[in-house]
Structures are given as structure tokens and as C-alpha cells.
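Structure first, commentary second.
No experiment lies behind these values; they were computed from the predicted model shown. We name chains A, B, ... by the order of the sequence lines, and we start the count at 1 in each one.
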2 protein chains.
Amino acid sequence: MTNTDINQHSTDISAALKAAGLQVTAQRLAVYHAVQSTPHAAADDICQAVRAELGVISRQAVYDALKAMSEHGIIRRIQPAGSAARYEHRVDNHHHLACRQCEKLIDIDCAVGEAPCLVAEHDHGYEIDEAEVIYWGVCPECQKKQANRNNT
Amino acid sequence: MTNTDINQHSTDISAALKAAGLQVTAQRLAVYHAVQSTPHAAADDICQAVRAELGVISRQAVYDALKAMSEHGIIRRIQPAGSAARYEHRVDNHHHLACRQCEKLIDIDCAVGEAPCLVAEHDHGYEIDEAEVIYWGVCPECQKKQANRNNT
DNA sequence: CCCAATTCTATACAGTGTCAAGAATTGGGG
DNA sequence: CCCCAATTCTTGACACTGTATAGAATTGGG
């Protein structure tokens, strides 16, 4: 990646931040980069990644940046049961597949198509705006591990 | 409800506990009752409800009971983003509708039917056993509140 | 370049859930 | 009915994630 690329990229995020009415700061750009390069990372992982890039950043600034950006739709927050919140830069309509054993999370495209997964049988008067779907299972690696344990 | 009913009921839960290889204790029965009578309650609410019934119980016993019973499929644990875990006694295939504003949670039957909501486009080699769906929206009451605020 | 608004740092704190050790209870077998 | 091993409950401490607050630093429009 050349400097030009980096700048170009940063400019895109800058534009997104400005469009959302947020100030552009080195901390926020670094947090975004971390989210982008390590998808589904938890806040703590992101904190470490940003420290590798910037040197120092307060834990609070990371939380603020993640909160501000996820509230403005620049990144997306996912919170699988039994683990801390994860963040990702894909903000389109897609779901997740979680491994019960290693907690790994991978993206999965919407099974139903566009966004009709939004349509529930009865909406009970609710104004529904999102359907959050998490498929739970066991990933291939953990299936292997399990098979090995059973054979021994 | 007569005493006979209560005993009958307790017997059912006792049987479920025994079938799962768990001991039957007053604490567990009380925790189950609390989950049953206040659906979607958080651990803390359940703790209080059980104290109203039994007098005293340790926080730990409540957590243990909830964990043991949910791991054995006697109750179900739900963890919506941004709030503590909730518990319910319905263990069949159904989903949830959550209000973004008041955090209220209601049951909703599976939109797709039996359990084909399990089928994702590509399973990526995962052995999928559950599809957890949470529809996010705004409940009728909160819609009204919002409308009133806007008119003022 | 300046100044108000926003954001970052540093520290303390709250809520949820877990760990560990010892006391109490449960339930199967004599 | 009683005993004993296994399980469960109590108590207290602790870890982790996230939030609150006040003051210092930075940003960006004029």
C-alpha cells in the first residue's frame, strides 16, 4: 500500500465522518482502520491494534469512537451472547455464523435475499427496522478437534 | 390455583430436573417459577422474585440454577445487545421482538414455519443447530410517546 | 489566527457474571 | 430409617466490559 492509497482511504472515512457531523481525528481514523483490518474484533482487541498504530490512546477514546461511529452507521456493532461486543465495517444487510466452541464469527449473506427477513409473521404493532440473525453451530476446525478427542 | 395444582406443577418441573440429571431443590423450583411467571426477566429480577417466594437465596444459587437449567434445555436464555441476559420458559422454536427504546421483549412465532429458518445460504462447513433471530423496532407505546414529543 | 465546540485523557465507578472454599442438602443403597 | 458420597448452596472476593466526570487538548469554521 502506498502513501497515496492510505491517504485516499483515509479521505473516504474522513468524508463519512464529516457527513455524519463528527470531527475527524487521528484516533477515529485509527479505530476505523483496526475495525476494517480485523473484522469482528472486540473493543479490547481494537484498543491494542490502535495502540500498535498510534502509540497511545485511552481506552475511553476507543469506546467513544466505536460508539459514535456505530450510532452513525459507519461501522456495525454485533453482540453475540456470552461474549463482548464485536465490531465490523460491513454495514450492508448480512448475518453471522458463530461457533459455539471457539467463539469465532464469520459473515454470511442474507438467506432470504434483499431484506424481507425483516418481515415477521405478526408485527404486534411494532415498527421493525432490523432483523438480527445469528446462526449458532460448530465450525469445521472445532468439529475436527471434537472427532479427534472422541477417537482417543 | 389450588395447592394440588401447585404440587402437580412442581412435580412436572421435578421430573424435568431429574430427567436432566439435576437434583431437585427448593431454590431451583423457585427460580423456575419466577422465570415462568415473569417472562424475559433478567437474572437480577429473578433473584428478587425468588426472594419474595423463599425469603433468602444467594445470588450465586440463582445464577447456578439459571445456568444449569438453560444448559439442559429446561429454560432458554436470550441475550439482546445492550442488556443483561433474559430467561424464559418457552423452549420451542420462536423468536423475539425487541423495542429499541424501552427494551421490552415479546415473543414472536417463527416467520418461516417449522425450523427452516435454520437453513442459511452457505453453511461454510458449520454444523448449524440454531438460528437466533431478534427483530429490532419500536413498540406501540414508545411510538406514541415519540409522536407526543414531536407535537409539543 | 482565534475561539467555541467537540473530543481525548485519566480516574473512578457500576453492573453482570465467575471463582473458590467450606457448610448444607439431596437421594440412592443398606 | 439412616448413612455417605455427590451435588448444591452460601459467602466473599474478583474479573471484565462499559459508563460517568472533569479538565486538558484538538479541531475546524469564520
Residues forming a side chain to side chain donor-acceptor pair (under 3.5 Å) with A:E141, sequence neighbours excluded: A:K104
I need the full list of ring pair (Phe, Tyr, Trp, His ring centres under 6.0 Å) pairs touching residues 41-79 of chain B, with sequence neighbours left out, sorted by first then second residue. none
Partners meeting side chain to side chain donor-acceptor pair (under 3.5 Å) with A:Y87 (sequence neighbours left out): A:R77
Apply salt bridge (charged side-chain N to carboxylate O under 4.0 Å, His left out) to B:D64 and list each qualifying residue two or more places apart in sequence or on a separate chain. none
Please name all residues satisfying salt bridge (charged side-chain N to carboxylate O under 4.0 Å, His left out) with A:D107, sequence neighbours left out, ordered by chain then number. A:R90
Is there a donor-acceptor contact under 3.5 Å from the side chain of A:E53 to the main chain of A:A34? no
Between the CD1 atom in B:I74 and the CD1 atom in B:I13, the distance rounded to the nearest 0.5 Å is 9.5 Å
Of residues 59-81 of chain A, the positions that come close to DNA chain C - non-hydrogen atoms, cut-off under 4.0 Å: A:R59, A:Q60, A:A61
Which residues pass the side chain to side chain donor-acceptor pair (under 3.5 Å) test with A:E88, sequence neighbours left out? A:H40, A:H94, A:H96
Among all residues two or more places apart in sequence or in another chain, which pass the side-chain contact (heavy atoms from CB on, under 4.5 Å) test with A:E103? A:S83, A:R86
According to a hydrophobic-cluster definition based on side-chain heavy atoms being under 4.5 Å apart (Ile, Leu, Val, Met, Phe, Trp, Tyr only), do B:V133 and A:I106 belong together? yes
Near-strand residues of residues 37-48 of chain B, defined as heavy-atom separation under 4.0 angstrom from DNA chain D: none
Qualifying residues under side chain to side chain donor-acceptor pair (under 3.5 Å), relative to A:R59, sequence neighbours excluded: none
Watson-Crick or G-U stems involving DNA chain D, each at least 3 pairs long, distances under 3.5 Å, ordered by first number: C:1-30 with D:1-30
Single-linkage hydrophobic cluster A:I134~B:I78, side-chain heavy atoms < 4.5 angstrom: no
In B/S/- notation, 5' to 3', how is nucleotides 21-30 of chain C contacted by protein heavy atoms closer than 4.0 Å? -----BS---
